[in-house]
Amino acid sequence: MNINEERLIKVIEEIGNIGAQPENGITRLAYSEEYSQAVALLSRRMREAGLEVRTDGIGNLYGLRRGKSDNLPVILIGSHLDTVKNGGLYDGNLGVCAALELIRVMNENDVWTKHPIEIVAFTAEEGDTYGGTFGSRVITGLQDVDAAWLLERLKDNGITRQDMIDSKRDMSEICAFLELHIEQGGALEMKRRRIGIVSGIAGISRCHITVRGETNHAGTTPMALRKDALLATAKLINQIDIISRQIGDPFVSTVGVLSLKPGFINVIPGEVEMTLEMRDLEQSRIEDALGRIRQTASKIENAEIEIELAIEKPPVKTDERIIELMEYICRESAISYQVMPSGAGHDAKALAQFVPTGMLFIPSIGGKSHCKEEISTSNDIVLGTEVLLKTVLALDKVLVSDGGYIPVYL
Ligand SMILES: [Zn+2]
């Protein structure tokens, strides 16, 4: 069974370029006019491939291909259809179009799986407007449907609390979830591997830090008498960097926002507010880092440092048996691969908490993403889709109806 490169690239481009602006990349925000156009076109392509198409109450798009045993749960495959502002062609779109291509390949080879196969194009994965990975969090029930800020924002799009409740899926209807995505980093390219098998999706903890010193005259206050909040902040940031490197890969930390009070050229900063974001595959390592950062902060002189943990989203592991299966497939086909964590969040993170989930990456050239320079080669796109197809077919054989596995491959 061969992936049709021309057909796959064509659908990636025709759907992915909806919302493209010359020089400004692609903007296809969830619930926008461009987004609706993409859903309409993809629905048409899915129907042409013989899928039963529907959208749920919040705008997730599904296409179902029946299996030989319709009482079996579905193998769900997909990604998201929205982009960030001024985003690229492949983020999300790739995984949805690859899922469609493997259906088309199975159709032309008259291959029928035991399990029904369902394609999903999730809505509102990107951005903070709806909290990120909105579509997948709603179907898994992770989304708090009573959040007032969210209801307010959804109202503008005609979506209600009840729509969210109605869109929740019974997780026993799904026996596995698979997502193909661009890496959005440079690790695969650097290591010259063509496929990334995602071992887990990093947890994220975000802190608000306030550093208090003393505002004073920049000309009349001698160095020895200063309580410069920015200087203390600089020392803290330096320590955060040292601690982060000690914790080691894949731990990463970022200070992304810094604001000074009062922020005048001739006044010693009296207060600094900063953010700290930490990501890792193990919650205990994030907690360890935060503990060490708190300790070092308490020792910094001439300032009072308050660290408030604002957001804590724990890491999620993908399914070990699916990882093994994907490794087996790559080895059999002599494809270079790397088992690796994902530093970015994905819809797979929501699904992985409820159903066996597998995720594949293909290299992003230059590690670029969320910008118009985002690109992957056609060869890698085809290869990623091929591994995805083989994973689906293998899973269809090894999954048994209770969601367990038969311990033999292929
Ligand atoms: Zn994405």
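These numbers come from the heavy atoms of this one structure, side chains and all, not from hydrogens, waters or symmetry mates. Atoms within each ligand, like the ligands themselves, are counted from 1 in listed order. Quick caveat, the model's predicted, so the values are computed rather than measured. Count residues from 1 along the sequence.
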Query - Intermediate values then yes/no, side-chain contact (heavy atoms from CB on, under 4.5 Å), Lys349 and Met359 - result: CA-CA 10 Å; Lys349 189 173 181 183; Met359 189 165 189; over 6 Å; no
Requested in this report: Quick one: do Ser43 and Val39 satisfy side-chain contact (heavy atoms from CB on, under 4.5 Å)? Show the steps, please.
Outcome: CA-CA 6 Å; Ser43 302; Val39 166; 3.9 Å; yes
Salt bridge check: are [X] and [Y] linked by an N-O gap of less than 4.0 Å?
X      : Y      : result
Arg45  : Glu14  : yes
Glu118 : Arg169 : yes
Glu282 : Lys317 : yes

Query raised in the report: Looking at Asn157, Asp82, Thr123, which one forms a side chain to side chain donor-acceptor pair (under 3.5 Å) with Tyr130?
Result: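 Among Asn157, Asp82, Thr123, the one meeting side chain to side chain donor-acceptor pair (under 3.5 Å) with Tyr130 is Asn157.
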Report summary line: Near the Zn ion (ligand 1), meaning under 2.8 Å, the protein N/O/S atoms are His80 NE2, Asp91 OD1, His181 NE2
